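Single-structure report; data block below.
In this chain, residues are counted from 1 in sequence order. Everything numeric in this text was worked out from a predicted model, so none of it was measured.
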Amino acid sequence: MSAKQELMSLAMKRTSEWISSQEIPCDIAVHIGETSFSLHKFTVVSKCGFLKKLASETSNDSNIAVIKIPDFPGGAEAFELATKFCYGINFEMNTENIAMLRCAAEYLEMTEEHSVSNLVETTEVYLNEVILKSLSNSVKALRKSECLLPMAERVKLVSRCIDSISYVTCQESQSKEDIVDWWAEDLAVLRIDMFQRVLIAMMARGFQRYALGPVLMLYAQNALRGLEIFGNGTKKTEAEQEHEKRVILETIVSLLPRERNAVSVSFLSMLLRAAIYLETTVACRFDLEKRMGLQLRQVVLDDLLIPSYSFNGDNTMFDVDTVQRILMNYLEFEVEGNSISFATDIGELMMTYLAEIASDRNINLTKFIGLAECIPEQSRITEDGMYRAIDIYLKVHPNISEMEKKKLCSLMNCKKLSQEACAHAAQNERLPIKTVVQVLYNEQQSLRQVLSDSDSSAAATSSETLYPFKLSSYNNELSILNRENQELKLELLKVKMKVNELEKDKDYEVMSGSDWSPVTTASVVKPPLPRKSIISSVSRKLGKLNPFGLTQGRIKPPKDRRHSIS
C-alpha cells in the first residue's frame, strides 16, 4: 500500500467519523427489504462501487436519493455491518457473520479499487487466517452460506469451506484408528445437499467409502427424527416437511457404502420403515431390501416387524410383502454364491416371524402360505416352529375350509416334528384328521426304529463283560418300552376299528391313495384323547436311550410373544 493511499484512507476515515459525529443531514436512503437506512452519500459511495453507480443514476429532483435492494445477501443485518465498516465503527468479525459480510462486500463492490483495505480484502484475510484453518469454523461458515446462495457460490466460499473440511477429516482419519470422531457431529448440522458435497469431496481425497457408514447413521438419526415409523397409522407430517425428509432419505441411501456390514442391519430396518412411510422411489426401497437380504443373518425379529401403514391400503398389522422380498434377496444371494446349505438360524427366524404374523386376523391365507413356502426346508432342522405358526393361524382363523386347512398343514413335514410337538398335534382338534393320523404314524415308525436300534445295541453289548446291575436295569427298561409299544399298537388298532364303524354307520368317505403315508383307514379319523399319556410315556422312556432336544437358533422369541394354547 502506497503512502498516498494510506493518507487517503485515513482522511476518509476521519471524515466519516466527523460526519457521523455531527448532525449532518442524510442525503441517501437505502431500503433493504422493509428496513430503511438513512446514510451520507459521501461516506458510503466512497467505498461501495454498487451504491455509487445507483446514486449517480438516481434523479436529482429531490434532496435525498432513494435506493431499493430487495434481494441483498444476508438482509438488513449484513447491510448494517457493511455501513458500520464504511463509517469506521468498530464491530466484531466472527464465524457467525463472516459469511454474510463476505457476500455483502461482494454485492456492494467494496473492493480495493474504491478504497484501501476495503471490506472484501478484510473478510478474505479473516477467512484464510481463521475460518478455513479450522474444521468446526469451516462447518459453521458453510452452514451460514446455505442461506446466502448464489452469492456464496460466486465468491467460492462454499467450495473453499468444503475443501477445508474434506482435507481436515482425511487427515484425522489417517492419524487415528477411530475414523469417525468428533467431526461427524459437526457435519450432521449441514443441509443435505451440502452434506452430500462434503462426503463426495472426502472420498475424492481418499477417505474410505466403507467408513462413511457411522457418519451417515448419525446424520440420518438427526435429520429423520420425529417420523412415526414404529406404529400403524396415518401420516402426521406436513407435505413440505415430508418432501424434505424424503429427499434426505433418498440421498442417504444413495451414499450408503456398497460393502456388506458397513452399517448395522437395525439401521437399514429403520431406513426401510422411513422409506415406506415417506413413499420414496421404488428403487430406494428395493435397494434397502436388498441390503437387508445380504445381512439377514444379523437380523432379529423386531427388525422384520415392519408396520403396514394404513395409507397403503393394507389392513394387515405388518408388511409381509416387504419381508418376503428381503428373504428372496437372501436366497438369491445364497444361490449365486453356490451355497446349498441355508443357515438354520434363518429358518428359525422366519418361522418365528410366521408365528408372529399368524395372530393377525386380517392376513389372508395366500399371503401366509406364500411366505412360508419361501423358507427353505434345508434351513428347518425341526418343524416345530412351522407347526406353531400353523396352529396359531388356525386358532385365529377358525372359519377357513377343510381344503384350506389341508393346504396350510401341507407346509410342514410331520416327520421332522419333535416328540413334544407330536404329542401336542395328536390331541389338536384344529388340525385336519389326515394330519393327525400322519403324525401318529410317523411317531409309531420312529418308535419302531428306536426299539430296533435298542435291540441291536443290546445284542452287541451282551457279548461284553458288564456289571450285573447295569445289564439288569437295561433289560428291565427295554421290557417296559416293548410293553408300552404293544399298548400303542393296540390303540392304533382301536382307531382303525373306530374308522370302520364310522364307515358303516355314516358312510364316511375315506380318502385313499394319499401321499401322506401307507396308512389307509387310519388317515381320516382322530385318535381318542387318552392316547396322549401313552405317547408321552413312551417318549420319556425313549429319551433315556436316545436323548436329544430342540436345536436352539440364534434368536429365541421373547417370553411376551404370542404362543399357541390348545
Lys/Arg-Asp/Glu bridge criterion (N-O < 4.0 Å) met for D360, K367: no
Which is it for L411 and E383 under the side-chain contact (heavy atoms from CB on, under 4.5 Å) test, yes or no, and what are the steps along the way? CA-CA 9 Å; L411 293 171; E383 292 288 320; over 6 Å; no
Donor-acceptor contact below 3.5 Å, side chain R273 vs main chain L305: yes
Under the 3.5 angstrom rule, does the side chain of R285 hit a backbone N or O of T280 as a donor-acceptor pair? yes
How long is the span from the NZ atom in K245 to the CG atom in L278, to the nearest 0.5 Å? 8.5 Å
Angle class for the Y387/H424 ring planes (parallel below 30°, perpendicular above 60°, tilted otherwise)? perpendicular
Would L199 and L216 count as a side-chain contact (heavy atoms from CB on, under 4.5 Å) if you check the C-alpha gap in whole Å, the side-chain angles of each, and the deciding distance to 0.1 Å? CA-CA 10 Å; L199 295 193; L216 292 169; 3.8 Å; yes
Between N413 and E377, do the side chains contain a donor N or O and an acceptor N or O under 3.5 Å apart? yes
Taking it one step at a time, do I357 and M317 satisfy side-chain contact (heavy atoms from CB on, under 4.5 Å)? CA-CA 8 Å; I357 66 173; M317 293 171 57; over 6 Å; no
Is a side-chain donor-acceptor pair under 3.5 Å present for N362 with T316? no
Test your reading of the model: is there a side-chain donor-acceptor pair from S359 to the backbone of E356, 3.5 Å cut-off? yes
For the side chain of E404 and the backbone of S401, is there at least one donor-acceptor N/O pair under 3.5 Å apart? yes
Ignoring hydrogens and geometry, is there a side-chain-to-backbone donor-acceptor pair from T251 to V247 under 3.5 Å? yes
Would L268 and L256 count as a side-chain contact (heavy atoms from CB on, under 4.5 Å) if you check the C-alpha gap in whole Å, the side-chain angles of each, and the deciding distance to 0.1 Å? CA-CA 10 Å; L268 293 175; L256 287 174; 4.2 Å; yes
After noting the C-alpha distance and the side-chain angles of Q298 and N261, does the key distance pass the side chain to side chain donor-acceptor pair (under 3.5 Å) rule? CA-CA 9 Å; Q298 303 168 13; N261 305 321; 2.4 Å; yes
Over 12 non-hydrogen atoms of neighbours within 6.0 angstrom of NZ in K290: no
